[in-house]
Student: 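One structure coming up, written as structure tokens, with questions to follow.
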Amino acid sequence: MKYYFSRIWAGILITLLSFSFTSSSYAIDIKLWDLSARQGQDEFYELLKKEVKKYNPDINVIVTEWEGEAYKTQIQLALNGDDGPDVFFNWFGEDSARLARAGLALDLTPYADMEGGYGNFISKGWQDAGAVDGKIYGIANKAVSKYFYYDPAFFDQHNLSVPTTFGELIDTCKSIKAIDPSIVPWPMGNSERWKLNHVITMLNQRVVGAENTKADYALTAPDDELFTNPKYVEAWEKVVELNENCFNDAPNATNPELTRSMFAAQISPMMYCGTWCGGIFASEGFTDFKMFRFPRVEGGADDGTVGFLVAEGMQVSAKTKHPEAAALVASINVSDTMALADAELRGSLISNATLIDQLEDAPHWFTFYVNDIADKSGHVNVLDVLLEANVSNAYLDMGTEVLNGTKSPQEAMDFIRKVALEAKAAM
Amino acid sequence: MNKTQTNSIGFSLSSDRVSVIILLIPALIFCTIFIFIPAFWAIVGSFYSYGMTSLNDWKWVGFDNYIKASQDEFFWIALKNNFIIVFASIVLQVGVGTILAAILDRGIKYGKVIFRTIIFTPMVISSVAVSIIWLLIYDPNFGILNNILIAIGLPTPSMGWLGDPDISIWMIMIVAGWQNTGFMMVLILAGLQGVSKEVYDAAEIDGATGVKAFWYITLPMIRNIIIVAILITTIGAFKVFEFVYVLTQGGPSNATQVLGTYIYLQAFNLLHMGYANALSVVLLVIALILGWFQLKASRRA
């Protein structure tokens, strides 16, 4: 009897042990960090988990979401530690390139053409968005752009037309103020400094032009030429003009979210906002808005066809214990199915548009973004992502100073040039 | 009683001392992990140049980071702001706290508990939540402060309460004062309640009542408590971070930068970890000096 019991117990133990070994030895946990999104994120990641399992049933994707400001710090700390994410969100530009140069981001080039690899899903152009020195360190799944949003009912009611030049934009602001001085034509919330940075990004593009800014932005221009082009000062002068005619009082003390609500509540008839804003306005009950591009500047270097575009996507930690599985998760994130879901659920401007025709009931703003981006002659990345950190910070600070009138456009550029020279010397 | 025992290898230890050492070990372990080791690495790191994304690539720079700090105008702005906050906090928090405590102790007969609770309540709210509440109050477009001023015909600052570099630091002070005055009041009130009523009775016979009694009797009697309150406020003012970070992030144009936010900016935004370490060491030295004063004053109190 005792013999039989011991055999039964042994059998149970062996069975349990074999089950536990089967499940634990093959399970691969992939930690994925992303920014929190207002809509559709939970459904999106549930689908991603299922899609990944189609390629490798042993991979468990564990998603953690972060707020933007906290994330910028947290990701750098985590990547230096031993318990960071395997796959993580990043803005493509200096932020992502810095991680690649520091050896913290994995070279994903070898995984492009594996089964389920990103090379099967996104074009060479989109792949290059995550390239550093010819190697792919990030897989772009979407991009954000910026547009002027306006209230067509207000414009029609007051016979205002959509401005196509900077001069017309200023005239439109003046006309709106003439209708009612208490209306803010274009609410500007620069309390976090980045709002105006996006405007000066476009003004530099329109006034100075991509060819003339390239060497300055990369800090490769000779010392005696670095940021000396007088057109930079002209771009800042346009900011002064906007501040006098279009913006609300105290833009540096105004929260950007409040300005979005001012437009969504139709208190202000116009604002410059990202492609993430369309969904936000709709969620606040305003859907009858329209969009137009940042107007060209008369006599400027750009004809107005170059647009603001920041690619975003996933990078893989160089410290991941499962590089192939992590690369697979980042790749599946841009698969045909996931890209369609990204557009449908999160309203993203996706990098893989293979199934875009299947997108049902796309809101009018989404269709506008997709068509307009395809129609642009080129793209410009935002200065706070593109520039070296110190120069970027100088541009952010000078935005505040110029808006407050505590520094003139010339003084602002003198300061930026000084910081740029120091940054170049330290490189 | 001080018992002495001899252990197996011949050392002689008093049992009290053994108990003290054993009881100190947990605290020492935590202090070592969370204070001494980070402080040591901050001191070491301050002599190197490295970034958040290049932690394995330390470059020896000697005292360059300290020299850089001495020539950095924003470091001096931050340090100056810390001193402004120290001074203003003492006036606002300790000064007003003392007056409120005196009123609650002897000035009013009814409702002491209600007033004490109301004044103390902001202290139990998190600093971040307090800052967000005040962000709404200060908002230049829809904030209640501007609306009140406009309603009574007074001007409002054109750059906004938090957007004007000349006033923004004082606006932060008001928020900090609003939250912390209640704590100072309770601290000083405890001291006041320790003052014997007989002293006031004797003073009354000598003709010292009201403000005179407060000035000549109350203040000297609670002098040590006030010194502790001043030191607590001073150290808190040097550590200030949340109010500035949430309300202005050090802006506009670094006008409200304090050492805490400037260290954060250098470390995590500009990625100058070595330089941020050097600034932290400066802050550490200041905190140590103030801490020493606080300990001395506490013992006297």
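In what follows, chains carry the letters A, B, and so on, assigned in the order in which the sequence lines appear, proteins first and then strands, with residues in each chain numbered from 1.
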Student: Side chain, backbone, both or neither: which part of I75(A) has a non-hydrogen atom closer than 4.5 Å to chain B?
Tutor: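 Contact with chain B is absent: no heavy atom of I75(A) under 4.5 Å.
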Student: Could you measure the distance from the CG atom of N393(A) to the CG atom of L270(B)? Nearest 0.5 Å is fine.
Tutor: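 Result: 4.5 Å between the selected atoms.
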Student: Does I150(B), at its CD1 atom, have more than 12 non-hydrogen atoms belonging to other residues, nucleotides or ligands within less than 6.0 Å?
Tutor: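 Yes, enclosed.
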Student: List the atom of G160(B), the atom of A250(A), and the distance in Å for their closest heavy-atom pair.
Tutor: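 Closest pair (atom of G160(B), atom of A250(A), distance): N-CB, 3.4 Å.
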Student: Measure distances from M398(A) to the heavy atoms of chain B and classify the residue's part below 4.5 Å as side chain, backbone, both or neither.
Tutor: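 Interface part for M398(A): neither.
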Student: Nearest heavy-atom pair of A389(A) and N269(B): which atoms, and what distance?
Tutor: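 Looking at all heavy atoms of both residues, the closest pair is CB-O, 3.8 Å.
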Student: Checking L265(B) against chain A: side chain, backbone, both or neither under 4.5 Å from a heavy atom?
Tutor: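 The side chain, not the backbone.
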Student: Quick one: closest heavy-atom pair of S253(B) and E401(A), and the distance?
Tutor: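 That would be CB-OE2, 3.0 Å.
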Student: Between chain B and each of N404(A), L396(A), D249(A), count heavy-atom pairs under 4.5 Å; write down the option with the most.
Tutor: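 Option with the top pair count is N404(A).
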Student: Cut-off 3.5 Å, side chains only: do N254(B) and D397(A) have a donor facing an acceptor?
Tutor: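 On atom types as modelled, these side chains qualify, holding a pair under 3.5 Å.
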Student: Output the option from P157(B), S158(B), S49(B), G143(B) having the highest count of non-hydrogen pairs under 4.5 Å with chain A.
Tutor: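 Heavy-atom pairs under 4.5 Å are most numerous for S158(B).
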Student: Inspect the surroundings of CG in D180(A) and state if more than 12 heavy atoms from other residues, nucleotides or ligands are less than 6.0 Å away.
Tutor: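 More than 12 within 6.0 Å, yes.
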Student: Judged by modelled atom types alone, do T254(A) and N141(B) share a side-chain donor-acceptor pair under 3.5 Å?
Tutor: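 Side-chain D/A pair, T254(A) to N141(B): present.
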Student: Side chains of H272(B) and N390(A): does their closest heavy-atom pair fall under 4.5 Å?
Tutor: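 In contact.
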Student: Set out, in order, the CA-CA distance, both residues' side-chain angles and the distance that settles side-chain contact (heavy atoms from CB on, under 4.5 Å) for L271(B) and R98(A), then state yes or no.
Tutor: CA-CA 11 Å; L271(B) 312 173; R98(A) 189 172 54 238; 2.9 Å; yes
Student: Could you check whether atom CZ of F63(B) has more than 12 heavy atoms from other residues, nucleotides or ligands sitting under 6.0 Å from it?
Tutor: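 No, the 6.0 Å shell around CZ holds no more than 12 heavy atoms from other groups.
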Student: Where does S392(A) contact chain B at under 4.5 Å (heavy atoms): side chain, backbone, both or neither?
Tutor: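 Interface part for S392(A): neither.
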Student: When rounded to the nearest 0.5 angstrom, what is the spacing between OG in S261(A) and CZ in F142(B)?
Tutor: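 Interatomic distance, S261(A) OG to F142(B) CZ, rounded to 0.5 Å: 8.5 Å.
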